[in-house]
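Each remark here refers to the structure printed beneath this line.
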Amino acid sequence: MTPSSALLEIKSLSVHFGGLKALRDVYLDLHPSEVVGIIGPNGAGKTTLFNALCGLAVPAHGELFLNGSAHKWPNAHELAKLGIARTLQGVGLFGDLTVLENVMIGAHKFAHTGFVSAAFGRNKDENKLRERAMLALERVYATRLANRRADTLSYPDTKRVAIARALVSEPKILMLDEPAGGLGEEDIAWMNSLIHNLKAHSSILLVEHHMDVIMSVCDRLYVLNFGQVISSGAAEMVRRDPAVIAAYLGVSAT
Amino acid sequence: MYQLINTVLIGITSGAIYSLMAIALVLVWRSARVVNFAQAGQALLSTYIGYEFIQKFHSFWVALFLSMLVGAAVGAIIDSSFMRILFRRAGHGPIANVAPIIATLGLLGLIRALLGLVVGGKDVRINPPVSNVGYTVAGHTMAFSPLQLVIVISVLLLMLVLSLIFQRTNVGLALRASAYSPEIARLAGVRVDGMRTLGWALAGAAGAAAGLLQTPNGTGVLSPDSLEFSLLLVFGFIAAVIGGLESLVGAVVGGMVLGLVLAFVLTYVSGSVVFITAFGLLIAVLLVKPTGLVGKRGGRRA
């Protein structure tokens with residue numbers, strides 16, 4: 001594939017935290033209907049990479065291309081409009097809102113209700129948001145949770161809702177930060193099949209520790225270690241890369 | 001019997017005004033997590049401007065509407081030009097928690113001092129737009145005049161409009177999400193800074209209404225060091241805390257509770273214990289139920 005067919009392309013991205021070089025010259029591309037996994041030991045910079053792409057960490061340098069054309073690093077609130085949605089490692093639901101409302105916030109970019117029409121009770125928009133949110137909940141099989149307060153959910157259910165909130169903006173690029181983290185075996189299997197289903201509508205960037213999930217859903221992998229890409233390519237190939245094995249086992253790859 | 005009814009009526013009217021001020025404080029707290037002491041200064045400023053509008057347009061109602069717009073603009077400007085920089089500079093940690101609150105105290109003093117400089121020594125009078133002589137029922141003059149009826153209706157209307165905004169629109173959702181977790185709200189596409197400014201603007205409008213309605217209901221005299229506005233702030237705070245600081249309905253409940261309790265104390269006990277009662281109530285609520293009388297519920301509340 002030529003670079004211009006990429007939905008998203010990152011070139012020589014570096015992020016510094018004070019003196020610490022969290023990311024050095026990282027590159028990555030994502031093509032339509034692809035699932036790309038980002039793996040690496042703890043502290044390798046996986047979440048920092050996500051944060052840089054989401055406006056939560058400021059790149060020291062690096063270039064971003066969306067649909068083949070150069071783009072400035074986006075602010076967090078611009079992501080939805082660019083067709084990017086992200087889930088967080090810590091899930092991050094609004095605990096004092098209902099599940100439905102949590103998901104509706106993800107659809108914020110579709111909302112146009114002005115004050116005046118709102119004040120006179122004309123809330124067609126609100127109903128549309130509600131419908132979109134219910135559809136997103138359906139896609140993660142969580143409609144039954146719609147009216148629960150988010151802080152009363154079980155952990156696996158919060159993960160479903162967080163994904164629904166990302167889906168509701170109909171992203172072209174879905175960034176999942178450890179979707180299987182902290183889940184039991186049964187829920188991991190469920191999450192696995194869910195990610196397979198999501199591929200139909202979005203390209204996916206996936207940070208994950210569970211290698212079964214990674215190997216089952218990812219087309220390509222990037223391996224980060226100490227803030228650098230040490231290997232990349234088709235999932236099966238990367239897995240056999242001696243440098244990768246060494247990084248995971250903590251021995252020098254020479 | 002008439003005395004009892006009159007006491008209730010006095011309580012409802014003053015409760016309505018406290019509610020307005022409490023609503024203003026809740027709006028800022030909820031959207032920006034700032035306890036806004038400057039609200040009294042903003043209300044004073046808007047009321048002075050309202051007075052100028054009355055002189056110009058000879059209509060209290062036009063002036064009320066315009067001064068609410070001015071109040072909203074002042075709130076929005078304070079947030080977008082001053083508070084935003086303050087938050088950025090203060091960063092994180094203990095100073096970031098306390099700096100905004102102290103800053104609003106500073107703003108309160110600043111607004112009052114500037115007003116004193118511009119209009120000092122020249123107290124002005126705002127006449128009631130409708131009669132402030134109580135209705136007569138069976139030969140008894142009640143403690144409820146057309147002016148007070150108008151005040152209660154205005155507060156109810158404002159409550160209704162705000163409730164609709166908060167409960168039936170995405171703006172209400174975005175406001176709540178921003179307050180709960182700015183970072184996650186941003187990721188979901190919410191312009192958190194804009195939501196904060198909106199909260200300040202709505203609060204500024206509510207505070208302006210409180211100031212302009214209370215002035216003719218009280219002594220009618222407006223001065224930069226008005227005790228009335230200080231009391232408005234203090235009682236508004238107490239009402240907001242009784243209501244739990246988080247909820248508009250709570251603010252109104254708190255305002256009404258406070259208004260009624262103080263009216264009964266004033267009538268049946270003594271004017272000299274009104275303050276003791278008000279602050280006693282505040283301390284009691286904080287000790288017994290610090291989350292306020294209006295309990296925590298799920299969802300987008302008004």
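Naming: A, B, ... by sequence-line order, numbering from 1 per chain.
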For this session: State plainly whether the residues R144(A) and D157(A) are in salt-bridge range, i.e. N to O under 4.0 Å.
Result: yes
One should read off an interatomic distance between F94(A) CZ and I105(A) CD1, to the nearest 0.5 angstrom, of 4.5 Å
Applying a strict 4.5 Å limit to non-hydrogen atoms, the region of L56(A) in contact with chain B is side chain
Point to revise | Ring-face cation contact, Y180(B) with R33(B), 6.0 Å cut, 45° max | key: no
Item to check | Pair E170(A) + R132(A): basic N to acidic O under 4.0 Å | outcome: yes
Taking a cut-off of under 4.5 angstrom between non-hydrogen atoms, the residues of residues 71-88 of chain A near chain B are A76(A), H77(A), L79(A), A80(A), R86(A), L88(A)
Comparing G55(A), A150(A), G92(A), S169(A) against chain B, the one with the most heavy-atom pairs below 4.5 Å turns out to be G92(A)
Is there a donor-acceptor contact under 3.5 Å linking the side chains of R84(B) and S80(B)? no
Can you confirm whether the side chains of N147(A) and T98(A) place a donor and an acceptor under 3.5 Å from each other? no
task: Taking the six-membered ring for Trp and the single ring otherwise, decide whether the centroids of F37(B) and F237(B) are under 6.0 Å apart.
output: yes
